Amino acid sequence: MLYHLLTPLADSFGGFNVFRYITFRTGGALMTSLCLFFIFGRPVIEWLRGKQGKGQPIREDGPARHIIEKAGTPTMGGVMILGSITVSCLLWARFDQGFLWIVLLTMLGFGAIGFWDDYLKVSKTNVKGAPGKIRLLLGLIIALIAAVWTTYLTPGPLQQKLALPFTMDTMIDLGILFFPFAMFVIVGAANSVNLTDGLDGLAIVPVMIAALSFAMIAYFVGNVRFSDYLQIHYVPGAGEIAVFAGALVGAGLGFLWYNAPPAMVFMGDTGSLALGGALGAIGVVTKHELVLAVIGGLFVVETLSVIVQVASFKMTGKRVFRMAPIHHHFEQKGWQESTIVIRFWIISVILALIGLATLKLR
């Protein structure tokens with residue numbers, strides 16, 4: 001909105017020229033999201049606590065201490081995250097950039113699925129929530145729409161192609177298989193972040209780290225000079241996603257203020273599914289799906305730990321981990337929650353640096 005309102009005045013008033021710069025608007029989106037959280041965060045949390053009563057139901061098969069320590073904490077805090085990101089994007093982003101709308105609407109679509117799931121959990125005081133098959137089907141539909149829309153907006157030479165890290169021009173033409181691949185990336189990212197969201201602050205910081213990394217990737221991919229210098233493919237219009245990523249980082253910082261141990265609110269599936277879906281969509285739009293698997297490697301490990309645990313138990317009757325996802329395994333080994341969270345944050349930073357290194361190591 002601000003871009004479309006104020007940039008026409010740049011010729012008469014030079015100061016408004018800054019609104020043409022993605023970097024300026026990214027910073028503005030970040031600060032707007034953060035300020036919205038500081039203004040509305042506590043009232044919304046109190047409202048959620050009043051409406052939910054006992055708060056988020058705690059799994060009885062999870063770590064025993066969670067039943068005592070986390071009981072009564074309200075959930076659905078993801079509503080604040082999604083609201084802050086949406087308002088910030090509407091203020092600071094360009095409305096004529098389709099890639100931004102793909103990411104934003106994918107986030108809101110998965111957020112709606114998560115909201116439905118959280119609502120059923122809270123209203124029925126049951127940890128099961130919405131049926132898993134229906135959640136998966138709805139997620140696949142949203143991901144398919146995003147994949148088709150992305151293909152329509154992507155330049156011809158890049159359509160339905162998979163870029164390989166550490167190479168300059170090598171791309172694999174997936175053809176029609178691009179659509180199930182993109183759906184797998186988006187739905188997989190959504191559910192991976194959802195699985196990671198099990199300890200206070202564990203998911204939101206790696207999400208912010210990934211978003212910050214992809215803010216840079218989107219800016220480089222969407223800038224013809226930087227993409228040429230770094231020998232990466234150029235995707236016109238992708239740079240605007242940096243504004244979305246900035247808004248996400250700001251909202252994440254605001255949420256962490258209230259979610260730091262002991263958490264005053266959980267993001268719930270409303271937040272985790274939405275943020276994971278958004279990251280998946282960003283990876284697909286920027287043609288950096290494989291780099292997303294590196295930068296979001298923590299989410300991948302969390303998901304693999306669940307897959308390995310279930311497969312091992314079904315085939316052999318034995319468990320590989322004391323509890324899955326893997327952060328609960330370390331809890332069962334006696335690690336303090338803060339120790340697990342901080343060490344996982346460190347791992348996320350290392351993986352992000354490795355992922356960003358692929359931009360130059362070609």
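In what follows, every heavy atom counts, from backbone to side chain, and hydrogens, waters and symmetry copies are set aside. Every value quoted in this text rests on a predicted model; they were computed, and no experiment measured them.
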Less than 3.5 Å apart, which donor and acceptor atoms pair up between the side chains of residues 204-215 and the rest of the protein, not counting sequence neighbours?
{"from": "Ser213", "atom 1": "OG", "to": "Ile209", "atom 2": "O", "distance (Å)": "2.9"}

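Annotation: side chain of Lys333 is in contact with side chain of Arg322 (closest heavy-atom distance under 4.5 Å). Between Gln160 and Phe179, some side-chain heavy-atom pair lies under the 4.5 Å cut-off. Side-chain contact between Thr270 and Met80 is absent, with no heavy atoms from C-beta onward closer than 4.5 Å. Counting only heavy atoms from C-beta outward, the side chains of Leu275 and Leu279 never approach each other to under 4.5 Å. Residues Phe344 and Phe330 have side chains in contact (heavy-atom distance under 4.5 Å, counting atoms from C-beta outward). Counting heavy atoms from C-beta outward, Asp228 and Tyr234 have side chains that stay 4.5 Å or more apart. With contacts defined as side-chain heavy-atom distances shorter than 4.5 Å, the pair Phe255/Val265 qualifies. Annotation: side chain of Thr75 is not in contact with side chain of Met267 (no heavy-atom distance under 4.5 Å).
Put simply, CD1 on Ile172 and CZ on Phe181 are 9.0 Å apart, with the number rounded to the nearest 0.5 Å. Between Arg135 atom CZ and Leu140 atom CG the span is 12.0 Å, to the nearest 0.5 Å. Atom CG of Asp118 is separated from atom CD of Gln52 by 8.0 Å, given to the nearest 0.5 angstrom. Here the CD1 atom belonging to Ile217 is positioned 8.5 Å from the CG atom belonging to Leu292, to the nearest 0.5 angstrom. We find the CZ-CD distance between Phe178 and Gln159 to be 9.0 Å, quoted to the nearest 0.5 Å. One finds the CG atom of Asp269 at 4.5 Å from the CG atom of Asp117 (value rounded to the nearest 0.5 Å).
Nearest heavy atoms, Pro236 versus Pro155: CD-CG, 3.5 Å. Here the closest non-hydrogen pair linking Ser192 and Thr303 is OG-OG1, 2.7 Å. The shortest non-hydrogen separation linking Ala263 to Asp200 is N-OD2, 3.1 Å. For the pair Gln97 and Gly237, the tightest heavy-atom approach, listed with the atom from each and the gap, is OE1-CA, 3.1 Å. Closest approach of Ser348 to Leu298, counting heavy atoms only: OG-CD2, 3.4 Å. Nearest heavy atoms, Leu158 versus Met171: CD2-SD, 3.6 Å.
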TODO: Take Lys51 and Val122 through the side chain to side chain contact (heavy atoms under 4.5 Å, CB included) test and state the conclusion after the steps.
DONE: CA-CA 9 Å; Lys51 288 291 185 179; Val122 172; over 6 Å; no

Open item on the list: side chain to side chain contact (heavy atoms under 4.5 Å, CB included), that's the test. Do Ile134 and Trp116 meet it? Break it down for me.
Closed with: CA-CA 11 Å; Ile134 297 179; Trp116 176 46; 3.8 Å; yes

- [ ] Let me see the working for Ile22 and Arg94 under side chain to side chain contact (heavy atoms under 4.5 Å, CB included), right down to the final yes or no.
- [x] CA-CA 10 Å; Ile22 292 176; Arg94 290 178 56 175; over 6 Å; no

TODO: Applying side chain to side chain contact (heavy atoms under 4.5 Å, CB included), run through Met216 and Leu356 and close with a yes or a no.
DONE: CA-CA 9 Å; Met216 290 186 280; Leu356 291 174; 3.4 Å; yes

Open item on the list: Quick one, Trp257 with Phe37, criterion ring pair (Phe, Tyr, Trp, His ring centres under 6.0 Å). Give me CA distance, side-chain angles, the key distance, then yes/no.
Closed with: CA-CA 9 Å; Trp257 183 268; Phe37 249 98; over 10 Å; no

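Although no hydrogens or angles enter the test, the distance criterion places no donor-acceptor pair under 3.5 Å between the side chain of Asn194 and the main chain of Ala190. When atom types are taken as modelled, the side chain of Lys124 and the backbone of Gly129 share no donor-acceptor pair closer than 3.5 angstrom. Side-chain atoms of Ser305 come within 3.5 Å of backbone N or O of Ile326 as a donor-acceptor pair. Of the possible donor and acceptor atoms, none in the side chain of His328 sits under 3.5 Å from a partner among the backbone N and O of Phe321. Not one N or O on the side chain of Ser84 forms a donor-acceptor pair closer than 3.5 Å with the backbone of Ile81. Put simply, the side chain of Ser312 gets close to the backbone of Lys318: a donor and an acceptor are under 3.5 Å apart. Looking at Glu331, its side chain never comes within 3.5 Å of a backbone N or O of Gln336 through a donor-acceptor pair. With Trp92 contributing its side chain and Gly28 its backbone, the two residues share a donor-acceptor pair below 3.5 Å. Judged by distance alone, the side chain of Ser33 and the main-chain N or O of Leu30 form no donor-acceptor pair under 3.5 Å.
Phe38 CZ: more than 12 foreign heavy atoms inside a 6.0 Å radius.
If you chain together hydrophobic residues whose side chains sit under 4.5 Å apart, Leu137 and Leu273 never meet in one group. In the hydrophobic cluster analysis, where Ile, Leu, Val, Met, Phe, Trp and Tyr join through side-chain heavy atoms closer than 4.5 angstrom, Phe244 is grouped together with Leu253. When hydrophobic clusters are built by joining Ile, Leu, Val, Met, Phe, Trp and Tyr residues whose side-chain heavy atoms come closer than 4.5 Å, directly or via intermediates, Leu136 is grouped together with Val185. Clustering ILVMFWY residues whenever any of their side-chain heavy atoms sit less than 4.5 angstrom apart, transitively, puts Met323 in a cluster other than the one holding Leu195. One hydrophobic cluster, built from ILVMFWY side chains closer than 4.5 Å, cannot hold both Met315 and Leu304; they sit in different ones.
Classification of the Phe95-Trp101 ring pair by plane angle, with boundaries at 30° and 60°, yields tilted.
Side-chain atoms of Gln332 and His329 include no donor-acceptor pair closer than 3.5 Å.
For Glu240 and Arg25, the salt-bridge test passes: some basic side-chain N is under 4.0 Å from an acidic carboxylate O.
Each of Thr150, Leu144, Ile145, Thr151 was checked for a side chain to side chain contact (heavy atoms under 4.5 Å, CB included) with Val148, and the lone residue meeting it is Leu144.
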